[in-house]
Asks: 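Okay, handing you the structure first.
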Amino acid sequence: MHDVVMAAQVNPYHMAVQQFELAAEKLGLSEDMREILRRPKRELIVNFPVRLDNGHIKTFIGYRVQHNVSRGPAKGGIRYSPAVTLDEVKALAMWMTWKCAVVGIPYGGAKGGVICDPKSMNTAELERMTRRYTSEIAIMIGPHSDIPAPDVNTNAQVMAWIMDTYSMHEGFSVPAVVTGKPLSIGGSEGRNEATATGVLFVTRQAAKRIDMPLRGARVSIQGYGNAGATAARLFHNEGCKIIAVSDTRGGIYSESGLDPATVVRHKQERGSVVGFPRAQTLHVQDVLEVPCDILIPAATEGVITVANAEKVQARIVAEAANGPTTPEADAILFKRGILVIPDILANAGGVTVSYFEWVQDLQSFFWGVEEITQRLEVIMNRSFTAVAEKADHYHCDLRLAANMLAIARVAEATQMRGIYP
Ligand code: NAD
């Protein structure tokens, strides 16, 4: 409990701005440009009523934030959680801007969220909440303006409801308004696995960089949802040993390795990874501190802080989650020689395949999974190399290098477009 409270105290927007200032300083960005880029372009707060199955009406608070759209339409996921705050959504929107820029896809950054406890709601309530939230933010979203996608506690079904609600308002089907949809309504092959596949591609590159074989590497993963559980499966298939995983209720550890598919089944049946047979139980934060070769935070932001950065015992930290490491913890990990693959690079596979999905929807022409995976690998490898070269040039960590690369691209686009009017 203490650890969860500690993580929640980290303000993600302050973190994002701090990271931005570090990169802006190193780039020598003008104060005028910094003033444009450090704030989100648009912030929408919506309060909306939803009828619950018990007959009561509950008013929910939702957000949609667009950080920057200089390089293209805004893009970013929607999160359902009791812990959602406007500052969290603002940070996630800013990170989306840098993420799309670092991998060179033509989008700006956005994010959305609803303060709710999806675990206490049934499917019908979730559907009504999603449809009403979609209507409330319909003034911002659209296939050419702002395209949502799944994030924590949202999935392909939620995207289908968003797509259907938006389409009902328009009077015709608009599949390109969201990505991460089911295949049957214009989703893309490979989207479910895209985030974790991207994490694997850049981790391969990072492992080469430090001369560490992936086969036999011990992996610890925080979070066992779309990003975390899929990463467990893919890294396991790569020959790694998944020694620890966790979710909100706690973690499990096995020195001889866990079978990711069996853990998924256990979580489906019991609601948590905890209690998995023949595994030791860990506290929520312990997965971050077990001796391992690769640590994959895949849950939420602000979990590697000054309080535990000295205790991280990995050689590589591959950030599947957004914002898991605070700037102070970054400095500690860098000094300790731990290679951190920053979120905006490590988890960019998700938005990259979302981009492929959007392109396919707009063209009504669909690609096979091989083509998706090949194109994703090219983009992830090229982006890793560009970031690593910058880090070598500036003798800095990969986060600063990635932020410098991304922010320079966004600043250039902003400069080229000029200040309207
Ligand atoms: P998800 O809802 O599918 O899974 C989240 C998992 O994290 C769940 O297992 C949950 O129990 C666990 N969790 C939440 N808080 C935790 C905590 N404090 N400690 C331990 N476990 C905790 O969400 P997801 O889509 O896998 O997203 C996870 C992270 O990856 C988020 O930071 C998200 O922004 C990032 N991400 C996701 C995608 C994507 O395509 N889904 C893309 C890029 C980045």
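Read the numbers this way: they start at 1 and go in the same order the structure lists the ligands and their atoms.
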Asks: So, regarding Lys119 and ligand 1 (criterion: nitrogen or oxygen to nitrogen or oxygen, under 3.5 Å), is there a contact or not?
Replies: no
Asks: Just by distance, no angles: are the side chains of Asn153 and Ser81 close enough, under 3.5 Å, to form a donor-acceptor pair?
Replies: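 The criterion, which ignores hydrogens and geometry beyond distance, is not satisfied for Ser81 and Asn153.
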Asks: Any heavy atom of Arg79 sitting closer than 4.0 Å to ligand 1?
Replies: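 A heavy atom of Arg79 does come that close to ligand 1.
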Asks: Would Glu301 count as a contact residue for ligand 1, given that I'm defining contact as a non-hydrogen atom of the residue lying under 4.0 Å from a ligand atom?
Replies: no
Asks: What part of Asn347 sits under 4.0 Å from ligand 1 if we count only heavy atoms: the side chain, the backbone, both or neither?
Replies: both
Asks: Based purely on interatomic distance, does Ser246 place a nitrogen or oxygen under 3.5 Å from a nitrogen or oxygen of ligand 1?
Replies: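 Checking ligand 1 against Ser246, no N or O pair falls under 3.5 Å apart.
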Asks: Given Val273, Thr300, Thr248, identify the one with the heavy atom nearest to atom 10 (C) of ligand 1.
Replies: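 Closest candidate by heavy-atom distance is Thr248.
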Asks: Please compare Asp343, Asn226, Ile296 and report which has the shortest non-hydrogen distance to atom 3 (O) of ligand 1.
Replies: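 The option holding the nearest heavy atom is Asn226.
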Asks: Would Lys267 count as a cation-pi partner of Tyr224, with NZ or CZ less than 6.0 Å from the six-membered ring centre and within 45° of the ring normal?
Replies: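 No; the conditions do not both hold, so Lys267 does not lie above the ring face of Tyr224.
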Asks: Evaluate Asp151 for polar contact with ligand 1, using N/O atom pairs at a separation under 3.5 Å.
Replies: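 N/O-N/O distance below 3.5 Å exists for this pair.
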Asks: Distance to the ring centre below 6.0 angstrom and angle to the axis at most 45 degrees; does that hold for Lys58 and Phe60?
Replies: yes
Asks: I'd like to know if the side chain of Lys99 pairs up with that of Asn347 as donor and acceptor (distance under 3.5 Å, no hydrogens or angles considered).
Replies: yes
Asks: Can you tell which part of Arg249 has a heavy atom less than 4.0 Å from ligand 1: side chain, backbone, both or neither?
Replies: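 Contact part for Arg249 vs ligand 1: neither.
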Asks: Quick one: do the Ser70 and Thr414 side chains pair a donor with an acceptor below 3.5 Å?
Replies: yes
Asks: Do the ring centers of Tyr107 and Tyr355 come within less than 6.0 Å of each other?
Replies: yes
Asks: Quick one: does Asn322 get an N or O within less than 3.5 Å of an N or O on ligand 1?
Replies: yes
Asks: Just going by heavy-atom distances, which of Ala320, Ala227, Ala149 is nearest to atom 35 (C) of ligand 1?
Replies: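 Checking each option, the heavy atom nearest atom 35 (C) of ligand 1 is found in Ala320.
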Asks: Are Leu333 and Ile304 packed together at the side-chain level, in the sense that at least one heavy-atom pair is separated by less than 4.5 angstrom?
Replies: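 Contact flag for Leu333/Ile304 side chains = yes.
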Asks: Any nitrogen or oxygen of Ala299, side chain or backbone, less than 3.5 Å from one on ligand 1?
Replies: yes
